[in-house]
Amino acid sequence: NIDKELCIKCRKCVIVCPAKIFVQEDVKSDIKTEYVESCIVCGHCVAACPTSAVLHSEFPEEKVHAIDYSQLPTPEQVMLLCKARRSNRAFTTKPVPEKSMEMILEAAHRAPTGSNTQHVKFMEITNPEKLRLLSDFTMGVFGSALKKLKNPLLRPIIKLAMPDALKYVPTFERMQKEYAKGEDGILRKATAVIFIYTPKRTRMGVLDANLAYQNGSLMAESLGVSQFYTGYILNAINMKKGKLEKLLGIDGEIQAGMAMGMPSFHFPNYIDKKDIELISN
């Protein structure tokens, strides 16, 4: 609702509401609400109101916080953070500090979600036995895939259906040999993993989870925590749908993951990527 005593008719709530709940007939008229059942609880109206005139049951006073824009990093600082962020897999045995983990999760949790569903959930794994389970699961799936890729009867079919798959044979063979010797090419001695998951068959689940990952990744970089995307594990999950979730007791689908640890060193340099490819219309 609108507190008419506080409202200055600035129209910011009218402009930012994605559900078009706030209406004003003309610039002199009071702002009113309609079709409030369409509200997606994004909070844009409350965040935009300069006089606290918007009254929302989901955003009481204690959930609304003023922004001190002078505390934001400069564009140059944000760009340097983006350039410095790397997938550093050189970890020490030190655990990720609890406070750093909390800030990484908070940053990931604050990422936007489609239609503001906020259905993204997290699992934090630091138990060494559970971490080992992740690597064992992934290597087991890859081992099964390797047998199929090397099967002379299946190779012609695989070559037609998935022409890129056969190039992974040398990689899987090398990983298996190294894993047998105690070299974990999956987690690389990471001391923590965060899985980002959503309810099953969520339409925007993959997109929302990876937006959360990107937030968490940049926060980790700013805290001096090394991390990398758990691509191998996610590939294994896609090959064995639902199996790892069942092993971990997750009611949903893992959509993204971040392996973390404290770095044995920091990169002194950043390097340029290939030139940007851009189409302007």
Side-chain angles (χ1 to χ4, degrees), residues 1-75 77-78 81 96-124 194-199 202-205 207-223 225 251-252 255-256 258:
N1 212 329
I2 299 290
D3 186 329
K4 294 180 181 179
E5 297 293 322
L6 295 176
C7 180
I8 59 174
K9 303 177 184 178
C10 67
R11 289 183 52 81
K12 290 179 181 177
C13 58
V14 177
I15 295 168
V16 300
C17 179
K20 304 296 183 183
I21 289 170
F22 299 89
V23 293
Q24 185 183 36
E25 293 179 4
D26 56 63
V27 293
K28 294 182 180 180
S29 301
D30 289 338
I31 294 175
K32 300 177 182 178
T33 58
E34 62 180 19
Y35 304 114
V36 293
E37 66 276 6
S38 300
C39 178
I40 64 172
V41 200
C42 66
H44 283 352
C45 55
V46 178
C49 184
T51 62
S52 301
V54 178
L55 308 176
H56 199 301
S57 59
E58 294 296 320
F59 302 105
E61 185 178 352
E62 64 270 17
K63 283 195 171 186
V64 183
H65 311 278
I67 300 173
D68 181 356
Y69 281 93
S70 69
Q71 296 297 309
L72 294 182
T74 65
Q77 288 171 330
V78 174
L81 178 64
V96 177
E98 185 177 344
K99 183 63 177 177
S100 295
M101 189 71 80
E102 289 174 358
M103 293 183 73
I104 292 167
L105 285 165
E106 173 71 8
H109 176 60
R110 285 189 173 274
T113 54
S115 299
N116 195 45
T117 50
Q118 297 187 49
H119 51 204
V120 174
K121 301 178 182 180
F122 304 88
M123 173 174 276
E124 173 190 338
I194 290 175
F195 281 131
I196 307 170
Y197 69 99
T198 61
T202 300
R203 184 171 62 88
M204 301 285 283
L207 301 177
D208 292 342
N210 281 281
L211 286 172
Y213 165 80
Q214 189 65 8
N215 264 25
S217 171
L218 289 172
M219 176 56 77
E221 188 71 33
S222 74
L223 291 165
V225 176
D251 183 15
Q255 311 283 17
M258 184 189 308

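Numbers for residues simply follow the sequence, beginning at 1.
F22 is listed as a side-chain neighbour of I2, based on a closest heavy-atom distance under 4.5 Å. Contact check for V120 versus Y197: no side-chain heavy atoms found under the 4.5 Å cut-off. At least one side-chain heavy atom of E37 sits under 4.5 Å from a side-chain heavy atom of Y35. Between S222 and L81, some side-chain heavy-atom pair lies under the 4.5 Å cut-off. Using a 4.5 Å heavy-atom cutoff, the side chains of I104 and M258 are in contact. Here the side chains of F122 and H109 are in contact, with some heavy-atom distance below 4.5 Å. Looking at M101 and I194, their side chains come closer than 4.5 Å, going by heavy atoms from C-beta outward. Considering only heavy atoms from C-beta on, E221 stays 4.5 Å or farther from L223 through its side chain.
Residues Q255 and T198 have side chains that bring a donor and an acceptor to within less than 3.5 angstrom of each other. Inspection of the D26 and Q24 side chains reveals no N or O donor paired with an N or O acceptor under 3.5 Å.
Heavy atoms from other residues, nucleotides or ligands lying under 6.0 Å from NZ of K9 number more than 12. Within 6.0 Å of CD on E61 lie no more than 12 heavy atoms contributed by other residues, nucleotides or ligands. Within 6.0 Å of the CE atom in M103, the count of heavy atoms belonging to other residues, nucleotides or ligands does not exceed 12. Within 6.0 Å of CG on D68 lie more than 12 heavy atoms contributed by other residues, nucleotides or ligands. In this structure, E34 places its CD atom where more than 12 heavy-atom neighbours from other residues, nucleotides or ligands lie under 6.0 Å away.
In terms of heavy atoms, C42 sits closest to F59 at C-CZ, 4.2 Å.
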